[in-house]
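Here the structure comes first, spelled out in structure tokens, and everything after it is commentary.
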Amino acid sequence: MRLLHTKLPEFKRKMYAAAENGGNMPKPLILEGLENLKTAKMQSLRTGRIEVAIEELAKIDDVKEIQLLIRPRVPETEHTAIIKAIDKDGKTEKIILETLTILHGPEDLETFDCDNIDDRRAPIGRQG
């Protein structure tokens with residue numbers, strides 16, 4: 001599975017390297033949306049596509065900074081809340097599982113001020 005997925009630390013390293021080395025001048029990269037993840041794996045194909053996109057933007061001389069904002073594509077996501085009771089020795093005494101739906105703002109909140117949008121996403125419901 002290693003060839004199919006990129007671990008979170010490697011994903012971040014690749015994105016920062018793409019901004020720094022993609023153009024004639026190093027560009028700072030602002031990465032937002034992964035702060036709360038302790039561990040994750042990203043699709044390697046998508047990682048490469050995002051890396052190439054960052055390099056493409058880094059080659060534009062007028063660009064001084066690149067932002068990579070990770071947002072949920074489906075604005076309503078359902079999560080499991082795991083509520084654990086831990087005793088004084090660190091042993092789990094009881095766990096309650098609950099459901100929490102989180103409503104996220106759509107990408108319009110980040111794209112409203114730009115008319116030059118190159119949407120390279122696959123249609124929802126289809127891989128690609």
Hey, could you give me each pair passing side-chain hydrogen bond (donor to acceptor under 3.5 Å, both in side chains) that has a residue in residues 80-92? Not counting sequence neighbours. none
CG/Asn36: more than 12 non-hydrogen atoms of other groups inside 6.0 Å: no
With a cut-off of 6.0 Å (strictly less than), are more than 12 heavy atoms of other residues, nucleotides or ligands near CG of Asp115? no
Would the distance check show the side chain of Glu55 and the main-chain N or O of Ala53 forming a donor-acceptor pair, the cut-off being under 3.5 Å? no
Write down the atom of [X], the atom of [Y], and the distance for their closest heavy-atom approach.
X: Lys64; Y: Pro28; value: O-CD, 3.2 Å
X: Ala18; Y: Glu51; value: CB-O, 3.7 Å
X: Ala58; Y: Ala19; value: CB-O, 4.0 Å

Any salt bridge (charged side-chain N to carboxylate O under 4.0 Å, His left out) involving residues 96-108? Give me the pairs, sequence neighbours left out, ordered by first then second residue. Glu107-Arg121
Side-chain contact test, heavy atoms from C-beta onward, threshold under 4.5 Å: evaluate it for Glu65 versus Gln67 and give yes or no. yes
Are side-chain heavy atoms of Leu4 and Ser44 found at a separation under 4.5 Å? no
Got a second to check how far [X]'s [atom1] is from [Y]'s [atom2], nearest 0.5 Å?
X: Lys7; Y: Lys12; atom1: NZ; atom2: NZ; answer: 14.5 Å
X: Leu69; Y: Glu32; atom1: CG; atom2: CD; answer: 5.0 Å
X: Ile95; Y: Ile83; atom1: CD1; atom2: CD1; answer: 10.0 Å

Remaining members of [X]'s ILVMFWY cluster at a side-chain heavy-atom cut-off under 4.5 Å?
X: Ile86; result: none
X: Leu109; result: none
X: Ile102; result: Leu100
X: Phe11; result: Leu8, Met15, Tyr16, Leu29, Leu31, Leu34, Leu37, Met42, Ile50, Ile54, Leu57, Ile60, Val63, Ile66, Leu68, Ile70

Report the residues that fulfil side chain to side chain donor-acceptor pair (under 3.5 Å) with [X], sequence neighbours left out, ordered by chain and then residue number.
X: Arg73; value: none
X: Arg13; value: Glu10
X: Asp61; value: none
X: Thr111; value: none

Residues which pass salt bridge (charged side-chain N to carboxylate O under 4.0 Å, His left out) with Asp118, listed by chain and number, not counting sequence neighbours: Arg120
What residues form a salt bridge (charged side-chain N to carboxylate O under 4.0 Å, His left out) with Glu20, not counting sequence neighbours? none
